[in-house]
Number of protein chains: 2
Amino acid sequence: MEGKSVAGRIHDAIHRLTAAEKRAARGLLGSYPTLGLAPVAEFAQQAGASSATVLRFVSALGYKSYPDFQRALREELEERSKSPLQRSSTSDVRADADAQFLDRFVAQAVDNLRGSAALIPASEFEAVCARLAENRGACYLAGGRFTDFLAGYMEAHLRVIRPGVRRLDGRPATRADQMIDVKPGDLAIIFDVRRYDPSLIDVATELAARRAQIVLITDEWMSPVSRFAKLVLPCRTEMGRTWDANGSLFTLAEAVIARTTELSWPTASKRIGSIEA
Amino acid sequence: MEGKSVAGRIHDAIHRLTAAEKRAARGLLGSYPTLGLAPVAEFAQQAGASSATVLRFVSALGYKSYPDFQRALREELEERSKSPLQRSSTSDVRADADAQFLDRFVAQAVDNLRGSAALIPASEFEAVCARLAENRGACYLAGGRFTDFLAGYMEAHLRVIRPGVRRLDGRPATRADQMIDVKPGDLAIIFDVRRYDPSLIDVATELAARRAQIVLITDEWMSPVSRFAKLVLPCRTEMGRTWDANGSLFTLAEAVIARTTELSWPTASKRIGSIEA
DNA sequence: TCAATGCTGAAATCATAAATTCAGAGGGCC
DNA sequence: GGCCCTCTGAATTTATGATTTCAGCATTGA
């Protein structure tokens with residue numbers, strides 16, 4: 001009984017319901033789940049019943065209060081939107097599934113990419129690129145255990161288009177040296193995803209103390225570094241139960257690079273020219 | 001203003017919001033629209049802000065009360081489920097092309113991902129993963145100027161699931177040392193994309209001479225290293241005229257890692273367990 | 001037709017959530 | 001480095017919505 005969907009409970013219980021309660025049930029199923037998320041009075045009116053009847057209906061479904069019932073609806077809704085493709089481990093045709101591993105993986109990666117684009121406000125993205133294109137002060141990059149390579153990739157590209165790009169490596173011993181030149185208004189880009197790296201908190205704290213502006217690129221669960229960040233670009237990373245993928249962060253990094261290049265073309269083109277030579 | 005979606009309003013207003021209000025905005029976008037249907041206190045807690053801040057946030061979006069805001073969310077939800085075919089996500093056509101940069105970039109990246117999946121034969125992909133999961137001999141990784149970070153990323157993951165993983169760095173001086181232990185039947189994964197790195201040809205030549213099996217991950221124009229490769233995984237990278245993106249290579253690398261982990265789970269899980277400890 | 005039973009919704013009560021206030025913290029700017 | 005101004009969240013007040021009560025009405029069976 002506990003783990004059942006609200007709609008499921010209605011179907012189970014509908015025989016036991018009285019006439020007016022059935023109207024409530026029909027109303028809810030008719031615009032599911034929205035009507036149940038409205039206040040009781042509105043639910044009642046839309047369904048052509050009284051508030052009291054709606055409450056009795058909800059109680060008959062086994063919920064101990066109206067808010068409790070609404071919580072169930074919200075959780076159901078959340079569940080649905082969280083997993084766009086139900087990726088259960090239940091064995092389908094195994095050989096077939098194996099053959100399509102790459103396709104399925106890519107489909108999921110595509111979802112993550114699109115989800116990320118929806119999650120990131122355009123103005124936030126623009127602000128990051130514009131700030132990078134200003135060429136004001138230094139620009140530091142850092143990442144965690146795996147995301148450090150993203151920081152490295154981005155550094156390699158940014159070096160081409162602007163001066164003052166530096167990488168902060170993870171070794172505590174060298175951290176003080178690296179931070180020594182950080183000045184107020186400098187920019188720092190930090191990559192951090194789940195199993196958030198504790199050392200990045202230290203780095204961010206130190207950077208914040210030195211008044212650097214922190215840009216955080218993270219996952220949908222939001223690294224604790226966000227506390228120190230001026231700008232945050234969150235990406236979707238979820239791939240099934242066990243594995244998170246950083247592909248969306250990587251593509252976001254590339255988008256930032258591409259856009260920044262575009263914005264700072266007048267100055268960047270000169271640097272690029274002289275590097276080619 | 002009246003007819004705008006809540007998400008749209010957030011995107012419009014986000015630059016005017018204060019730090020804590022942005023946390024609220026991100027929280028809502030992160031689990032949209034469910035969080036907004038919860039009581040203020042719950043919204044606040046989930047988003048890491050106070051109730052007061054959430055109320056200010058809602059007011060900043062132009063709603064005259066929290067219930068008013070919730071009604072808007074419900075109507076939106078109702079709207080979406082009513083329309084027979086879910087039309088493509090971001091419906092509003094924005095006049096400002098710049099504001100669309102990220103969307104356009106992501107759309108292109110999605111094309112590349114799908115194109116890559118189409119370009120790579122499933123059997124080729126499976127062969128690479130199966131060979132990696134065998135745990136036979138050593139596994140070397142190398143990349144070019146930018147793709148070296150992909151090699152690094154993959155190395156970091158492969159180290160977790162199998163022994164004998166090494167990275168070949170690009171310095172000619174140390175190359176001889178690194179190659180000294182390469183044995184026939186060892187595996188080498190090389191990343192190389194356009195403006196192909198000449199030094200990788202040398203590396204590949206040397207590896208081939210020592211009878212290593214070379215796996216090449218490259219772009220659609222095919223690195224010259226392919227001449228020495230036993231298996232080739234080509235990806236689409238084209239993004240308009242000036243810029244190639246490596247996001248598809250990155251995701252391919254992640255797919256290989258994920259699949260290899262799956263295939264070698266009996267042995268890999270033990271390693272993972274001991275690393276966690 | 002007349003009880004008896006139990007469903008229903010209007011109104012009263014109670015609980016909880018929304019809105020407001022304000023003192024203190026934090027950040028930015030000379 | 002110090003001042004000022006804005007932002008923030010705890011505490012308080014206000015409002016709204018959930019719950020209960022109960023009188024009346026409908027339905028059913030004798």
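Small disclaimer: the values here were computed from a predicted structure and weren't measured. A note on names: the letters A, B, ... follow the listed sequences, proteins ahead of strands, and every chain is numbered from 1. Both backbone and side-chain heavy atoms feed into the values below; hydrogens, waters and symmetry mates do not.
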Enquirer: Identify all pairs in which a protein N or O lies below 3.5 Å from an N or O of nucleotides 4-14 of chain D, and state each distance.
Expert:
| residue | atom | partner | partner atom | Å |
| --- | --- | --- | --- | --- |
| D:dT8 | OP1 | B:A19 | N | 3.4 |
| D:dT8 | OP1 | B:A20 | N | 2.7 |
| D:dT8 | OP2 | B:T18 | OG1 | 2.2 |
| D:dG9 | OP2 | B:T53 | OG1 | 2.9 |
| D:dG9 | N7 | B:R56 | NH2 | 3.0 |
| D:dG9 | O6 | B:R56 | NH1 | 3.4 |

Enquirer: Among all residues two or more places apart in sequence or in another chain, which pass the salt bridge (charged side-chain N to carboxylate O under 4.0 Å, His left out) test with A:R162?
Expert: none
Enquirer: Applying side-chain hydrogen bond (donor to acceptor under 3.5 Å, both in side chains) as the test, list every pair that has at least one member in residues 182-194 of chain A; sequence neighbours left out.
Expert: A:D192-A:S223, A:R194-A:D244
Enquirer: If the condition is salt bridge (charged side-chain N to carboxylate O under 4.0 Å, His left out), which residues does A:R16 pass it with, not counting sequence neighbours?
Expert: none
Enquirer: List for me each residue that meets side-chain contact (heavy atoms from CB on, under 4.5 Å) alongside B:Q108, sequence neighbours excluded, and say none if there are none.
Expert: B:D111, B:N112, B:M239
Enquirer: Report the distance from atom CG of A:L55 to atom C1' of C:dC7, rounded to the nearest whole Å.
Expert: 15 Å
Enquirer: What's the angle between the local helix axes at either end of the helix from C:dT1-D:dA30 to C:dC30-D:dG1, using five pairs per end and rounding to 10 degrees?
Expert: 40°
Enquirer: Using a 4.0 Å heavy-atom cut-off, write out nucleotides 23-30 of chain C from 5' to 3' as B (base contacted by protein), S (sugar-phosphate only) or - (no contact).
Expert: --------
Enquirer: Could you walk me through whether B:R26 and A:E124 pass salt bridge (Lys or Arg N to Asp or Glu O under 4.0 Å), step by step?
Expert: CA-CA 11 Å; B:R26 289 182 195 120; A:E124 200 90 338; 2.7 Å; yes
Enquirer: Which pairs count as side-chain hydrogen bond (donor to acceptor under 3.5 Å, both in side chains) when at least one residue sits in residues 36-52 of chain A, sequence neighbours excluded?
Expert: A:E42-B:R74, A:S50-A:T53
Enquirer: Take atom CZ of A:R23 as the centre, draw a 6.0 Å sphere, and report whether it contains more than 12 heavy atoms from other residues, nucleotides or ligands.
Expert: yes
Enquirer: Not counting sequence neighbours, which residues clear salt bridge (charged side-chain N to carboxylate O under 4.0 Å, His left out) with A:R271? List them please.
Expert: none
Enquirer: Quick one: side chains of residues 139-153 of chain A, donor-acceptor pairs under 3.5 Å with protein atoms, not counting sequence neighbours, listed by atom name and distance.
Expert:
| residue | atom | partner | partner atom | Å |
| --- | --- | --- | --- | --- |
| A:T147 | OG1 | A:G144 | N | 2.7 |
| A:T147 | OG1 | A:F191 | O | 3.4 |
| A:D148 | OD1 | A:G143 | N | 3.4 |
| A:D148 | OD2 | A:R167 | NH2 | 3.3 |
| A:Y153 | OH | A:H157 | NE2 | 3.3 |
| A:Y153 | OH | A:E254 | OE2 | 2.8 |
| A:Y153 | OH | B:N246 | ND2 | 2.8 |

Enquirer: Please name all residues satisfying side-chain contact (heavy atoms from CB on, under 4.5 Å) with A:D202, sequence neighbours left out, ordered by chain then number.
Expert: A:R175
Enquirer: For DNA chain D, which residues of residues 64-73 of chain A approach it to below 4.0 angstrom with any heavy atom?
Expert: A:S65, A:Y66, A:P67
Enquirer: Rounded to the Å, how far apart are B:F57 CZ and C:dA19 P?
Expert: 14 Å
